[in-house]
Chemist: 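Have a look at this one.
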Amino acid sequence: MIDRSYLGKIERGEVNVSLDTIERIAVSLKVDAFELFAGHNYLLDEDKRDILEKINLLLTLQDNEELITDLRY
C-alpha cells in the first residue's frame with residue numbers, strides 16, 4: 001500500500017519513484033506502467049520514448065502473480 005501523502009508527492013513530482021512503486025501504482029489502476037507516462041511522451045526525445053516502451057515490455061513479460069509478490073516487499 002502506498003501512503004496518500006506519498007502518492008500526492010509523486011503526482012506533484014516532489015519525490016523520485018522506483019520502478020517497483022510505478023508498477024504497484026499501475027497494477028492498482030489496472031493499466032500498463034507505460035500508460036502512466038503516455039500523456040507526457042511528447043516531452044521526451046525519441047531515445048527516452050524507446051526506453052519507456054522497453055521498460056513496459058519487460059514489465060508485461062513478467063508473470064503477474066510473481067510481479068505482485070515481488071512488489072509487496
Chemist: Give the minimum heavy-atom separation between Val17 and Tyr6, together with the two atoms involved.
Modeler: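 Taking every non-hydrogen atom into account, CA-OH, 4.5 Å.
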Chemist: My understanding is that only residues two or more places apart in sequence, or in another chain, count here; which of them pass salt bridge (charged side-chain N to carboxylate O under 4.0 Å, His left out) with Glu11?
Modeler: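 Result, salt bridge (charged side-chain N to carboxylate O under 4.0 Å, His left out) vs Glu11: none returned.
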Chemist: Anything under 3.5 Å between a donor and an acceptor, one on a side chain of residues 25-33, the other on a protein residue two or more places apart or in another chain? List them.
Modeler:
residue : atom : partner : partner atom : Å
Ser28   : OG   : Arg24   : O            : 3.0

Chemist: How long is the gap from CD1 on Ile2 to NZ on Lys9, to the nearest 0.5 Å?
Modeler: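 Spacing of CD1 (Ile2) from NZ (Lys9) equals 13.5 Å.
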Chemist: Atom OG1 of Thr21 and atom CD of Glu23: how far apart are they, to the nearest 0.5 Å?
Modeler: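 The distance works out to 10.5 Å.
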Chemist: Would Asp3 and Ser5 satisfy side-chain hydrogen bond (donor to acceptor under 3.5 Å, both in side chains), going step by step from the backbone distance to the final call?
Modeler: CA-CA 6 Å; Asp3 185 82; Ser5 63; 2.3 Å; yes
Chemist: Would the number of heavy atoms belonging to other residues, nucleotides or ligands and lying under 6.0 Å from CZ of Arg4 be above 12?
Modeler: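 Open: at most 12 neighbouring heavy atoms sit under 6.0 Å from CZ of Arg4.
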Chemist: Please report the closest heavy-atom contact between Leu36 and Ile22, naming both atoms and the distance.
Modeler: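 Heavy atoms of Leu36 and Ile22 come nearest at CD1-O, 3.7 Å.
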